[in-house]
Structure formats: C-alpha cells, structure tokens
A.B. asks: 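Once you've had a glance at the structure underneath, I'll fire off some questions.
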Amino acid sequence: MESKEVREKFLKYLEKKGCKITPSASLVPENDPTTLFTSAGMQQMVPYLLGEKHPLGARIANSQKCFRAKDIEEVGDLRHNTFFEMLGDWSFNDFFKKEQISWIFEFLTEEIGLDPKRLYITAFRGSPQNDIPKDAETVEIWKELFKKNGIEAKEADFSEKNGMKEGERIFYYDENKNWWSRSGNPENMPEGELGGPDSEIFWDFGEELKLHENSPWKDQPCHVNCDCGRFFEIGNNVFMQYIKEQGKIRPFSKKNVDFGGGLERIVAASQSSPDVFKTDLFLPVINHIEKISEKKYAGSESENDKCFRVIADHIRAAVFLISDGANPSNKAQGYFTRRVIRRAVVKAQKLGINENFMARSAEIAYNIYDGIYDFPKQKVEEELEKEESKFRKTLAEGLKRFNNLVSENADSGKKLLRGSESFYLYQSFGFPKELIQELAAEEDFEFDEKGFDNEFLKHQELSRTASAGMFKGGLADAGEQTTKLHTAAHLMLAALRSVLGSHVSQKGSNITAERLRFDFSHPQKVTPEELEKVEALVNEQIAEDIAVEEKEMSLEEAKNQGAVGAFENKYGEAVKVYTIGGFSKEICGGPHVKRTGELGAFKIIKEESSSSGIRRIKAVLN
Ligand code: SER
C-alpha cells in the first residue's frame, strides 16, 4: 500500500470512531522553549493531556511531521530516518486501553491488511520501586484480539534474557523500554511531567532477516527489542495516566491515550519491505540520485548504498526543515538543517556528484507530498543552493588544510595524523571521520583513531548538553533570571579554574530560573574551604559590576585568546565570545546580562559527584 493510502485510511478510520482530524504542527515548536524540534506527536498536545479543553473535543487524530536530531548519525541503515511522519490518535480522558488497542489492531489488520501472525507486542512489566503495577490489563486485551483471529498469543517475561519461545507473542519489558514520557523513564521525568506505561507493536520480517553476520546481537537470544533486524516497531500506544509530583510518580487525574505510529514503517510493513528506502516515500529520491550519480541502489550494506540512504533522508529533512522556518545557520534549529545538508553533500561527493544537486532535488521531495503539504519552493531552493555552495567551498578549503597537514608531518618524518589534527578537520571543515580516514589511507598515513575518538567524545558530551535545552549552555529559557544564572555560571567556571586549577572544564550545564546546575571535570570532592573561595571570587566579580562584553570572532581567534567553552561543530565559522573583565572568557551562544552587578548574591547550595571524575554544583542567586 502506498503512503497516501495508509495516511488517508488511518485518518478516515479514526474519524469513524469519533476522532476529529487536526493538521500537523510545525517541526519548529511554537511557544515551547524546552525543545528544538517537534520529535513526537505529543508536543503540541501537552496542554490538552494536562486537562485544557481542545477546541475540537476529546478525541483527535493526526499525522504529525517529526524531526529527530539525535538520530542523524543512525541514518544509513534500512530503517532510521531523521524526518518522518507520526500517525497519531489522542484521547483526552475519553476512550482508554480497550478501545485504543482494538482499534489499532483492526486498523492494521483489516484496513492495511497486515497479517496478525506477524504482529508482536510488548507491555510494561511494572516498577516496584515506583509503585507502578504490571500492565496485565493491556496484555489481556491483546490476547483476546489475537484469539478472535485464531491465534493463541502466549505472554512471556524476560525474553531479553531468555529469548523467545514458540508461541510467545506478548512480552513484558521494564521502564526503559515500555514507559513513555518526553524525558524517558520515570527517574528522568521532571516535576509536572506526564508519562505512562506503553504497549508497542512490532512487525516481524521473518527469521531470515536476522542480520547474523554483522549484528552485535548475533550471539545473543533474539527478542523483539534486540535490534537484530528481524523486528521493526511500527506503533506505540501510550497510556498517559501518571504524573511526577514531589519527586514521585503518582496516578494522574486523567486517563489519556497517546498513540504514535511511524508512517514510513507502517508503509514498509505493508509492502513487506524491510528497507523503508524502497517505499514510495523515498524511492523517487533514490531514483533521482541514481540518475545523477550514474550508480545503482541495491539496498545492501555497501558504502555506496548507505550514501544513497543518507542523501535521501537528508534531502527530505532539509526541505521540511527549511519550509518550517529552520534556515541553515550555526544556531539552534538551523544548525541541524546545516548538518543534514552538509552530510548529504559529503555523501553525494562519495557517489561522484561533484556539482550542486540539493536545490534541484527538492522538486522530487515536494512531489512525494503532493496535495498533503505545501512548500515555499523558492525559499527552500534558495537556501539549499546557498548552503551547498558555501559548504562545497569549505570542503575544498578543508582539503587544502589536509594536504598541508600531510606535507608538514611528512617533512618532520612522521606519517601520522594525530587525533587533534583530524578532529580539527572534522570540527572546522565538517569532514566526517570516514572521509579523513580514507584521505589518510590514500596518503599512506596512519590515522590515530583512538585520539580522534577521544576528542570526539569530549566534544559530544559538550554538544549533547548544549542541545539538551533550547538554548546553548543548557538553558531552559531565555528569561531574566535564567540569563542571570547563565552569567553566574561563567563566573563560577572561571572561579573554579582559579581555585582548583586549569584542568577544570565544563562537562555540562542545566539552568532554569531557580538554579544553575553545572558539571565539571575534577578528580575529587571539592572541599568546603574551596567552595567558599569559589563563592567569594564570584561575589567579588559581582560587586565590581563588570561589563559583560560580547564579540564575534573565528574559532581559531577565540582559541588563541584563551577562551574556554564548547568548541562545537562550527565548521570554521564565527563564534560568539563573552568576556567579563580579565576574569572570564568563554565561547558561548548567550544570552547574558549586560553587567555583573545585575546578578545579586551568589550561593553554592550543593556539591556532589555526577559521574566518575565529574563533579556537580548547584547554585542560586538571591
Ligand atoms: N509519544 C509516543 C512516541 O513518540 C507515541 O506517540 O513514541
């Protein structure tokens, strides 16, 4: 079945069940500073799940555009996408488990025609430490439905340890697999967050699909969540009936349903294609790339085929991101648009596409969604063209730099590309690791992979923290108090380095209007005397009412000036540096106060271990 039919059938089917259809929200959420992208259907529904009245009533269905930035590096296999559509249905304290599960079963088996024998189910095992019971009710509903279809569905627990036995079809898993909230398992949920047990639906592509050869799971027992390649999650029923309050998970006053099913994956299941890139949602792009590269896509594990998949995914993502206002840039959402475009260009070069191709490929993406979504075509194509031209120039410069490195090192008698050197190419010119590896091999140079990976991990830790919140530096919002605490964090880092030593570097931060939380490298507990000194130093800078200066410069210049901070993927472009007198100099996206005098009294309220070699401080301003 083609994607248009699946989408339409889903919405029509739920309309018959009394659901009202809403359009997709933008990929760039409005009025939600906690997240960069719409990455699940739930985001636009939060107020209604919490109890506000939805103008269309208590039953809603939609197809929501989603972008999952954290999956960028995963793209390249047969099933991961950054941009996808989530078919959703919603009950705001209206229908619950019984209706939801029966409807979705009927939709998949009767409307789409999926064979029930190839559907497998998971449910929540329960969590004694959080006082949440096992979801046996859900399992009973599924069993009954299978039974009506002549299938005896046995339930099993701990298939992740024991593997699956003949006849077993419904499996319990813990809160890391079968609990859904925007922030993951119950432990990770912040105050006031909704969540609940979920029940996922998997499609079985058949035992022959187990990727025995390459799979890291090849020696382990197969189970639906083992990622060996045989099973494929196509939908998730979340029973949103709990809330985090005073640090505990408590039953919420409303019993909501959040169902989400990946359109790309349901289409793939309906076409019995374990390769989503061979469905109508991607194939036109793949065919187009075949034409311009004069190469064939075989759907294999080969490097070329991976390039095809990355390009196809990233073109679609870039078209949708730009359409929703995320123009390529080095900030916030635009940074990710830039990343997908650049990654697509590098992969295209590998396929021998040496001229700009993104803008002229956009047309193919629009056609896939003809009549479903509108695109500001001129803007999309202009942005793609601009970014691709710019990056192709950077690529050439990066190559020059690489050649210089090679001749410098060869002159000094070494044929080694150090981790710091190759990481510089990665970070400043956007060269992916594989490309650097390949280039080094061509020159008969050794590539210090460990060194590169070390640099990469350091950087990843920093950028993960930076993208965890809407604003760089882990800020929850750009409100006045949060901004003050952000400036205080800069002063504190400088003070820590002055008191403890220059080995201290930032490992993460999370700043809300109430407090700052700051992780940094230090091998032992910070003593009360040291903490007192840090506090006093920060308060001294506040008392001096120093101006906070902001300046743009190249990354290189910032490093030369001794700035500290997250040296993120800036691809050789300008970075912002904040300087506070002679005391602090940091690369940072802001925002900050104008003068330190605005901050008030700085107080450290807690110092604790965060992980091995990393300490955590919580501090406030009074
Ligand atoms: N919120 C759930 C998910 O994203 C179901 O929509 O998987």
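Note that ligands are numbered from 1 as they come in the structure, with each ligand's atoms numbered from 1 the same way.
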A.B. asks: On the 0 to 90° scale, with breaks at 30° and 60°, tag the Tyr48-Phe92 ring pair as parallel, tilted or perpendicular.
C.D. replies: tilted

A.B. asks: Taking only residues two or more places apart in sequence or in another chain, which ones pass side-chain contact (heavy atoms from CB on, under 4.5 Å) with Asn162?
C.D. replies: Phe158, Lys165

A.B. asks: Describe, in one word, how the ring planes of Phe277 and Phe282 are oriented to each other, choosing from parallel (under 30°), tilted (30 to 60°) and perpendicular (over 60°).
C.D. replies: tilted

A.B. asks: Tell me which pairs pass ring-ring contact (aromatic ring centres under 6.0 Å, His included) where either residue lies in residues 241-273, with sequence neighbours left out.
C.D. replies: Trp179-Tyr242

A.B. asks: Which of these passes salt bridge (Lys or Arg N to Asp or Glu O under 4.0 Å) with Glu264: Lys278, Arg79, Arg316?
C.D. replies: Arg316

A.B. asks: When you pair each N or O of ligand 1 with protein N or O atoms, which pairs come out under 3.5 Å?
C.D. replies:
| from | atom 1 | to | atom 2 | distance (Å) |
| --- | --- | --- | --- | --- |
| ligand 1 | 1 (N) | Asp258 | OD2 | 2.7 |
| ligand 1 | 6 (O) | Asp258 | OD1 | 2.6 |
| ligand 1 | 6 (O) | Gly260 | N | 3.2 |
| ligand 1 | 7 (O) | Asn236 | ND2 | 3.3 |

A.B. asks: What pairs meet the side-chain hydrogen bond (donor to acceptor under 3.5 Å, both in side chains) rule with one or both residues in residues 52-65, with sequence neighbours excluded?
C.D. replies: Ser24-Gln64, Gln44-Gln64, Arg59-Asp94, Asn62-Trp90, Ser63-Glu85, Lys65-Asp324

